[in-house]
Amino acid sequence: MDEFDFINKLKSSCHFHQDVKVGIGDDAAVYKTSEHTHQVVCVDTMVEGVHFLKHVSTPEEIGYKALAVNISDIAAMGAIPLYYLVSIAIPSSWKEQELLNLYQGMKELANEYEMDLLGGDTVSTADKLVVTVTVIGEVNANVQTLRSNARDGDIVFVTGNVGDSSAGLALLLEHVTLNNKSHKEYLIQRHKRPTPRVKEGQFIAKLERASLNDISDGLASELNEISEASQLGITINEADLPISEALLELGTSHELNKWVLFGGEDFELVGTTSQESWEKLRNECEDQSISVTKIGTVTSDHSSVRMVTKDHNTITLEKSGYNHFKR
Ligand SMILES: Nc1ncnc2c1ncn2[C@@H]1O[C@H](COP(=O)(O)OP(=O)(O)OP(=O)(O)O)[C@@H](O)[C@H]1O
Ligand SMILES: Cc1ncc(C[n+]2csc(CCOP(=O)(O)O)c2C)c(N)n1
Ligand SMILES: [Mg+2]
Ligand SMILES: [Mg+2]
Ligand SMILES: [Mg+2]
């Protein structure tokens with residue numbers, strides 16, 4: 001089974017309610033609530049052993065990340081987060097204080113965005129902790145930063161750096177080592193405490209048109225989603241990819257590509273916009289010391305994602321990042 005094929009089979013061609021503006025197929029669903037604003041809702045689950053390990057992350061860190069990954073989907077819709085609900089399936093290996101600490105980790109991030117916890121559900125489970133967070137947000141009615149919004153000739157951009165999170169995980173799992181303590185800590189923090197790019201999403205939402213996706217499954221996978229949804233090709237340049245000093249120190253070029261292109265969980269925003277809007281975005285972000293980098297262009301001559309390597313070869317980037325069931 002393939003995760004994405006399965007999801008495609010769940011899509012319906014019409015909705016009972018006309019107010020549904022975006023259904024299955026983007027980072028969050030959007031439905032009309034008033035003339036000027038629409039509501040945005042998303043849900044993501046984290047499973048012990050799949051998304052986190054109890055012996056490498058604290059309950060606070062696990063809670064923080066469970067909320068952060070959902071706020072990231074809200075950011076990818078150009079929306080702001082308002083409310084959250086938490087469903088938790090608890091095995092006997094988790095003590096009450098650990099669970100309260102997990103909620104404290106969520107609260108810490110929720111306070112930053114002034115988000116209210118509205119409810120949830122509590123059940124038992126045999127073995128592993130499962131935490132499912134739903135976030136509800138709000139977006140200006142005329143904003144649609146959809147994956148399907150790319151156009152021929154667009155600039156492809158990404159916020160922040162890519163690859164840090166999966167390198168941080170490799171360090172946590174002791175698959176690799178790094179002597180520089182501050183670089184090591186930086187990469188691990190990027191894995192455990194990703195920053196949802198809400199402010200960046202707000203800047204992008206002000207552009208005339210932009211496609212947008214957040215990086216959960218890996219840069220190559222997210223670019224393929226934009227390419228598929230927009231039915232256009234994307235070409236990125238390896239030399240332009242924003243890579244942190246810490247990651248450069250850690251990786252040989254083979255490992256670097258694995259982390260940067262296919263690693264995932266960076267929770268940066270990747271998108272496309274017109275050349276004119278890109279100039280505007282770049283200037284605004286520069287004024288605000290926000291990191292955004294041009295990494296490629298959208299093309300109509302093919303429908304795949306390609307990368308021009310540093311030695312000037314063009315390779316196809318398959319949608320082969322993180323895929324539940326295909327590992
Ligand atoms: N089991 C499901 N039932 C109904 N819709 C689903 C299901 N799983 C995913 N979707 C929908 O499919 C679309 C893509 O989901 P996906 O989880 O790949 O996106 P994402 O949340 O941005 O990525 P990630 O989960 O990797 O962070 C979304 O609209 C999502 O709501
Ligand atoms: C112990 C452990 N092993 C592997 C990973 C890596 N990982 C898990 S899920 C995922 C994609 C995003 O999740 P989803 O698609 O469900 O939103 C990635 C990159 C991890 N975080 N912890
Ligand atoms: Mg997403
Ligand atoms: Mg999801
Ligand atoms: Mg995923």
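Positions are given from 1 along the sequence. Both counts, for ligands and for their atoms, begin at 1 and track the order of listing. All heavy atoms count here, side chains included; hydrogens, waters and symmetry mates do not. Since the model is a prediction, treat every value here as computed from it, not as a measurement.
Taking only non-hydrogen atoms, the option from Leu10, Asp214, Asn213 nearest to atom 4 (C) of ligand 1 is Leu10. Looking at Asp27, Ile215, Asp217, it is Asp27 that brings a heavy atom closest to atom 22 (O) of ligand 1. Relative to atom 19 (O) of ligand 1, the option among Glu222, Arg147, Glu3 with the closest non-hydrogen atom is Arg147. The residue from Asp44, Val41, Val43 that puts a heavy atom closest to atom 25 (O) of ligand 1 is Asp44.
Taking CG from Leu99 and CD from Gln104, the interatomic distance works out to 13.0 Å, rounded to the nearest 0.5 Å.
Side chains of Gln39 and Thr33: a donor-acceptor N/O pair is absent below 3.5 angstrom, by distance only. Using modelled atom types, one finds a donor on one side chain and an acceptor on the other under 3.5 Å when comparing Asn213 with Arg147. In this structure, a donor-acceptor pair under 3.5 Å is absent between the side chains of Thr235 and Thr297.
Using a 4.0 Å heavy-atom cutoff, Met77 is absent from the residues neighbouring ligand 1.
Looking at ligand 1, you won't find any N or O of Phe267 less than 3.5 Å from one of its N or O atoms.
Sorted by first then second residue, the side chain to side chain donor-acceptor pair (under 3.5 Å) pairs that include residues 70-87, not counting sequence neighbours, are Ser72-Asp214.
Atom 16 (P) of ligand 1 has its closest protein heavy atom at Ile7 CD1, 4.4 Å. Nearest to atom 5 (N) of ligand 1 among the protein's heavy atoms is Ile24 CD1, 3.6 Å.
One of the N, O or S atoms belonging to Asp214 lies under 2.8 Å away from the Mg ion (ligand 3).
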Side-chain donor-acceptor pairs under 3.5 Å in residues 90-97, sequence neighbours left out?
from  : atom 1 : to     : atom 2 : distance (Å)
Trp94 : NE1    : Glu48  : OE1    : 2.9
Lys95 : NZ     : Ser92  : O      : 3.0
Gln97 : NE2    : Asn101 : OD1    : 3.0

Show which side-chain atoms of residues 115-129 pair as donor or acceptor with protein atoms under 3.5 Å away, not counting sequence neighbours.
none

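Ordered by chain and number, Asp44 OD1 make up the set of protein N, O or S atoms under 2.8 Å of the Mg ion (ligand 4).
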